[in-house]
Trainee: 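The structure is given below, and queries will be raised subsequently.
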Amino acid sequence: MGDFLAWYHTIGEDSMTVTLATSMATVLLGVITMIALRWQAKASRLARQEASRTRTIEARERARVQNLAKILEISNRINANLELEPLLKEIAEAIRQSLGFRMSLVRILDDENQSFMARAFAGIEEEAVQKLSSSAVPVETFKTWMKDEFRISQSYFISHEHGFWENQRDEVYIPDLGERREGEWHPMDSLFVPLWTRDQRLVGYLSVDDPEDRRIPSMETIETLEIFANQAVTAIENARLYGELGDHVMQLREMTRRLKELNEIKSNFVATVSHELRTPLTSIRAYAETLSRDWGSSPRETEVEFLKIIEEEAQRLSKIVEDMLDLSRMESGKVEVKKCDTDMVKVVEDSMQVLAPTARKKYIEIQAETGEEAVEAYVDEGMLKQLILNLVGNAIKFTPEGGRVLVELKDRESAVELSVEDTGIGIPSGSAKKIFEEFYQVDSSATRRYGGVGLGLAIVKNIVDWHDGKIWVESDGGKGARFTVRLPKRKAIAPERSQAVECDETWQCERRIPELIVDMIAELMDAKAASLMLVNDECEELFVSAAMGLDEAIVKNARVKVGEGISGYVASTGKPLLVRDIDADDRFACNRRPQYETRSLVSVPLRQGGRVVGVINVTNKISLTPFTDDDTEMLQILADRVSAIIGKVRHYEGMKSEFGSIITSLRSLIDSRRMSQTRKGDKLTSLVVKLGRSAGLDEEEVKLLQYVSRIYDVGMVKVGEGILRKRGGLRVGEYESVKRHPEEGVDIVGPIEFLEQVKEVILHHHERFDGGGYPGGLSGEGIPMGARILAVVDSYSSMLSDRPYRQALGVEEAIEELRRCRGTQFDPKVVDRFIELLGRSGVEVRPKETI
Ligand code: ADP
């Protein structure tokens with residue numbers, strides 16, 4: 001700069017030069033200023049950028065801290081919950097509220113079905129909740145969603161761009177987000193977080209939808225979700241452990257109670273048996289001593305009488321020993337049961353003849369009412385005689401002189417009912433169940449009046465069990481007792497394992513389950529004959545796993561090639577088949593066998609994971625009418641249940657204890673159908689189907705409702721026949737027990753039912769539209785539609801039947817009653833539709849069965 005000024009002064013005198021120099025200096029100054037300004041602008045921009053970056057970092061840190069605080073708060077809430085249901089709800093709700101998703105869902109693994117069931121929801125409407133609850137996601141299916149290309153961190157984000165879902169996603173929840181921009185959440189996007197335990201077991205998954213900011217979730221959100229998932233797994237495991245602990249405590253309490261009871265029984269047993277043995281022994285000894293001492297000195301008649309007494313007492317002794325041996329054989333399963341078609345009328349008559357002299361001695365009138373015609377049942381004749389002798393023997397023993405004993409035999413479609421009624425001392429209500437236990441006696445005191453060791457009824461109960469029957473007693477205090485035994489007339493049989501094709505070990509070794517499945521099918525389909533056939537993959541053949549109403553030889557040896565005959569045809573096409581008249585059907589000309597009593601049959605495939613694994617056939621309706629399309633649908637619905645059971649049995653592999661719950665479930669279902677009170681016929685089902693369609697249910701829902709209409713009162717088996725048949729009003733405890741039947745029903749079907757929808761209808765069929773029903777006190781549309789429909793049809797059909805406490809109403813009266821309860825007990829819209837339906841079909845819907 002110094003050089004520049006010197007130069008400026010040296011040229012000062014020359015004005016031209018001066019002007020030029022001045023201009024140059026100005027330009028130079030401008031350039032310098034401009035450069036300086038630019039530097040300044042850049043510097044301040046950099047400073048601004050730096051400040052903004054600091055702010056962003058601070059905001060992110062704040063968000064992280066807030067997120068952590070939320071997680072902490074939610075974790076506390078989650079961990080405070082030890083019950084699984086509320087806990088899962090808490091998790092779903094927490095995700096929705098804290099992570100900005102409008103919808104969240106938790107699915108948990110159902111071990112038995114190997115499927116994920118929707119267990120908790122947040123932000124989903126009731127209708128969608130119902131749909132989600134009834135749709136299970138098999139574990140195998142879920143695993144196909146866990147592709148590496150979808151994986152982000154531990155989660156899976158399936159973007160709509162993959163076109164992965166096509167038509168397969170259940171469109172239960174589709175948020176309407178309108179136009180979307182780059183990076184926005186799309187209705188077909190899915191985000192799942194698998195729930196892995198520490199030992200790498202998949203126990204469920206979380207899924208979220210419809211983010212409030214409409215953006216595809218950031219990595220931070222996904223990571224937060226995963227933290228939730230980890231928390232959820234720990235909490236779920238804790239809740240499970242807690243639940244199991246509770247169960248164990250209950251079991252322990254029950255076992256302690258039982259032990260005490262057994263101890264008491266043992267003491268009683270020792271006292272009773274020694275008393276019962278000592279009495280005859282004392283008299284045998286006394287008479288024998290007298291005879292040997294005075295032999296020849298007493299009159300001959302006295303000696304003969306003494307010998308007779310000795311013989312009778314010896315017989316009494318050997319009867320006690322025989323009873324004990326019988327019971328121990330039956331209980332250990334070492335008894336040979338020889339069942340065959342037997343005329344029950346003859347069995348009753350023969351047994352009565354044996355007991356007539358004993359009754360005569362006590363001036364007791366004994367009478368048998370059996371009807372004229374033979375009633376055939378598939379039973380062991382010897383065992384049945386023993387059963388009747390024990391029951392009638394007791395009736396005579398516990399009835400004072402001059403009393404009356406009545407034996408009745410009733411034919412009840414698929415079962416026979418035998419009852420023994422007396423006018424004796426009766427049984428206190430607290431002992432009604434216990435008297436079937438061995439050695440239990442109402443009066444076990446040393447001073448008791450009646451002999452016996454308390455084994456007779458235990459033997460009876462065993463015989464009933466060997467026949468898959470049921471026994472119960474009704475007694476009104478001191479006014480006598482009435483024992484009733486119900487035995488199935490037919491029996492499903494499964495071939496011996498050694499003779500069956502070695503298809504699947506576990507399945508084959510359990511003959512009991514296939515037998516019960518066939519029994520259940522026959523009962524629910526009102527069919528005389530039914531069979532379950534399974535495919536043997538190796539030789540592409542079907543073999544009979546169990547059958548009812550077929551000759552035992554056929555059951556053992558029948559093999560059908562896939563593709564041949566009726567079952568083979570169904571197995572190869574995988575489609576249900578209804579044959580209305582086998583004679584008129586050219587496809588199956590060679591199948592016209594005598595077993596087709598009604599010439600009509602239904603055969604449906606048994607599918608598992610899209611593969612046909614067997615076939616179920618039913619023939620010969622009890623009503624002798626042909627099967628219908630509705631029957632075919634019904635059988636297909638049943639086949640889906642059967643598939644699930646087979647799946648479960650295979651899954652359990654050798655865990656035989658688990659079969660117990662399935663067996664109990666099947667037995668109760670069968671039993672509930674045999675209870676005349678709960679037997680609902682075709683007409684009720686067809687009304688439910690029509691009403692369901694007219695009320696706008698989709699076909700899938702109608703099908704399920706059709707199935708439920710045959711089983712919804714299954715819980716009644718737990719209520720007890722005594723209460724159900726009572727003529728007078730119910731006592732408080734009895735009414736409470738009746739009110740529990742919907743919950744009992746859900747418990748019963750639990751081990752064989754995989755759809756929540758089915759259980760919900762069973763659970764809520766006694767709710768009232770005005771909220772005054774049970775068990776949930778639900779009201780209005782909060783009651784599942786199926787349950788509202790069933791409530792109307794069930795009440796209508798009950799009104800048309802006789803009940804022990806009232807006579808049947810006429811159709812007009814029943815309709816009037818429905819109108820009267822419209823809006824209070826029943827959904828008004830459903831009642832209107834129903835009355836319209838009745839008017840349209842001009843039906844008189846009186847169920848066949850009355851009590
Ligand atoms: P036992 O008759 O040898 O005592 P059971 O097993 O046959 O043994 O009966 C068990 C108990 O049930 C009897 O002791 C009695 O208290 C009661 N019981 C059985 N049948 C009747 C009946 N018909 N009336 C009254 N009580 C009965």
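For ligands, and for the atoms within them, numbers begin at 1 and follow the listed sequence. Residues: numbered from 1 along the sequence shown. The basis for the numbers below is simple: all heavy atoms, side chains too, and nothing from hydrogens, waters or symmetry mates. Given the structure is predicted, the values throughout are model-derived calculations rather than measurements.
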Trainee: Between Arg482 and Ser419, what is the shortest heavy-atom contact and its length?
Mentor: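 Closest heavy-atom pair between Arg482 and Ser419: NH2-OG, 3.5 Å.
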Trainee: If you count the atoms of ligand 1 from 1 in the order shown, which ones are under 4.0 Å from a heavy atom of Leu455?
Mentor: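 Every atom of ligand 1 under 4.0 Å from some heavy atom of Leu455: 6 (O), 8 (O).
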Trainee: Is it the side chain (CB and beyond), the backbone, both or neither of Asp422 that lies under 4.0 Å from ligand 1, heavy atoms counted?
Mentor: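 Asp422 to ligand 1: side-chain contact only, backbone stays beyond 4.0 Å.
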Trainee: Among all protein heavy atoms, pick out the one at the shortest distance from atom 13 (C) of ligand 1; state its residue, atom name and that distance to 0.1 Å.
Mentor: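 Going atom by atom, the protein heavy atom closest to atom 13 (C) of ligand 1 ends up being Phe398 CZ, 3.5 Å.
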Trainee: Which heavy atom of the protein is the closest neighbour of atom 7 (O) of ligand 1, given with residue, atom name and distance?
Mentor: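 Nearest protein contact, heavy atoms only, for atom 7 (O) of ligand 1 is Asn394 ND2, 2.7 Å.
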Trainee: Would Phe483 count as a contact residue for ligand 1, given that I'm defining contact as a non-hydrogen atom of the residue lying under 4.0 Å from a ligand atom?
Mentor: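 Phe483 counts as a contact of ligand 1 under the 4.0 Å cut-off.
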Trainee: Check Lys489 with Asp411, please: is the shortest side-chain N to carboxylate O separation under 4.0 Å?
Mentor: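 Yes, Asp411 and Lys489 are salt-bridged.
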Trainee: Atom CZ of residue position Arg257 - does it have more than 12 heavy atoms of other residues, nucleotides or ligands inside 6.0 Å?
Mentor: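 For Arg257, atom CZ is crowded (more than 12 foreign heavy atoms under 6.0 Å).
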Trainee: Is there side-chain contact between Arg490 and Ser414, with at least one heavy-atom pair below 4.5 Å?
Mentor: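 Result yes, sub-4.5 Å side-chain heavy-atom pair found.
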Trainee: Suppose we measure from atom 1 (P) of ligand 1 to each protein heavy atom; which comes out shortest, and what is that distance?
Mentor: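 Here the nearest protein heavy atom works out to Gly454 N, 3.5 Å.
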Trainee: Please list, in number order, the atoms of ligand 1 under 4.0 Å from a heavy atom of Ala395.
Mentor: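 Ligand 1 atoms under the 4.0 Å threshold to Ala395: 23 (N).
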Trainee: Taking only heavy atoms of Ile427, which atoms of ligand 1 are found under 4.0 Å from at least one of them?
Mentor: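 Once the distances to Ile427 are compared, the set is 25 (C), 26 (N), 27 (C).
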Trainee: Starting from atom 4 (O) of ligand 1, locate the nearest protein heavy atom and write down its residue, its atom name and how far away it is, to 0.1 Å.
Mentor: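 Minimum-distance protein heavy atom for atom 4 (O) of ligand 1 reads Gln441 NE2, 2.6 Å.
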Trainee: Below 4.0 angstrom, N of the basic side chain to O of the carboxylate: do Lys461 and Glu437 qualify?
Mentor: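 The answer is no: the pair does not qualify as a salt bridge.
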Trainee: Are side-chain N/O atoms of His741 and Asp713 paired as donor and acceptor at under 3.5 Å?
Mentor: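 The criterion, which ignores hydrogens and geometry beyond distance, is satisfied for Asp713 and His741.
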Trainee: Under 3.5 Å, is there a donor-acceptor pair between the side chain of His467 and the main chain of Tyr378?
Mentor: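 Not a single qualifying donor-acceptor pair exists.
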Trainee: Counting neighbours of CD on Glu305 that are heavy atoms of other residues, nucleotides or ligands and sit closer than 6.0 Å, is the number greater than 12?
Mentor: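 Check fails, neighbour count at 12 or below.
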Trainee: Relative to the heavy atoms of Tyr440, which atoms of ligand 1 are at a distance of less than 4.0 Å?
Mentor: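 Per the distance check, 10 (C), 11 (C).
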Trainee: State plainly whether the residues Lys718 and Glu744 are in salt-bridge range, i.e. N to O under 4.0 Å.
Mentor: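 Judged by the 4.0 Å cut-off on N to carboxylate O distance, Lys718 and Glu744 do form a salt bridge.
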Trainee: Among protein heavy atoms, which sits nearest to atom 5 (P) of ligand 1, and what does the distance come to when rounded to 0.1 Å?
Mentor: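 Heavy-atom neighbour on the protein nearest atom 5 (P) of ligand 1: Leu457 N, 3.6 Å.
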Trainee: Say whether Lys397 and ligand 1 are in contact under the criterion: heavy-atom distance to a ligand atom below 4.0 Å.
Mentor: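 It does, in that a heavy atom of Lys397 comes within the 4.0 Å cut-off of ligand 1.
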Trainee: Hey, is the main chain of Ala374 close enough, under 3.5 Å, to the side chain of Asp343 for a donor-acceptor pair?
Mentor: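 A pair under 3.5 Å: no.
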Trainee: Counting only heavy atoms closer than 4.0 Å, does ligand 1 sit against the backbone of Val453, its side chain, both, or neither?
Mentor: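 It is the backbone that touches ligand 1; the side chain stays farther off.
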Trainee: Looking only at N/O atoms, are Val442 and ligand 1 under 3.5 Å apart anywhere?
Mentor: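 Checking ligand 1 against Val442, an N or O pair does fall under 3.5 Å apart.
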Trainee: Should Gly424 be listed as contacting ligand 1, given a heavy-atom distance under 4.0 Å as the test?
Mentor: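 No; Gly424 lies far enough from ligand 1 that no heavy-atom distance drops under 4.0 Å.
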Trainee: Starting from atom 12 (O) of ligand 1, find the nearest protein heavy-atom neighbour and note its residue, name and distance.
Mentor: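 For atom 12 (O) of ligand 1, the nearest protein heavy atom is Ile435 CG2, 3.2 Å.
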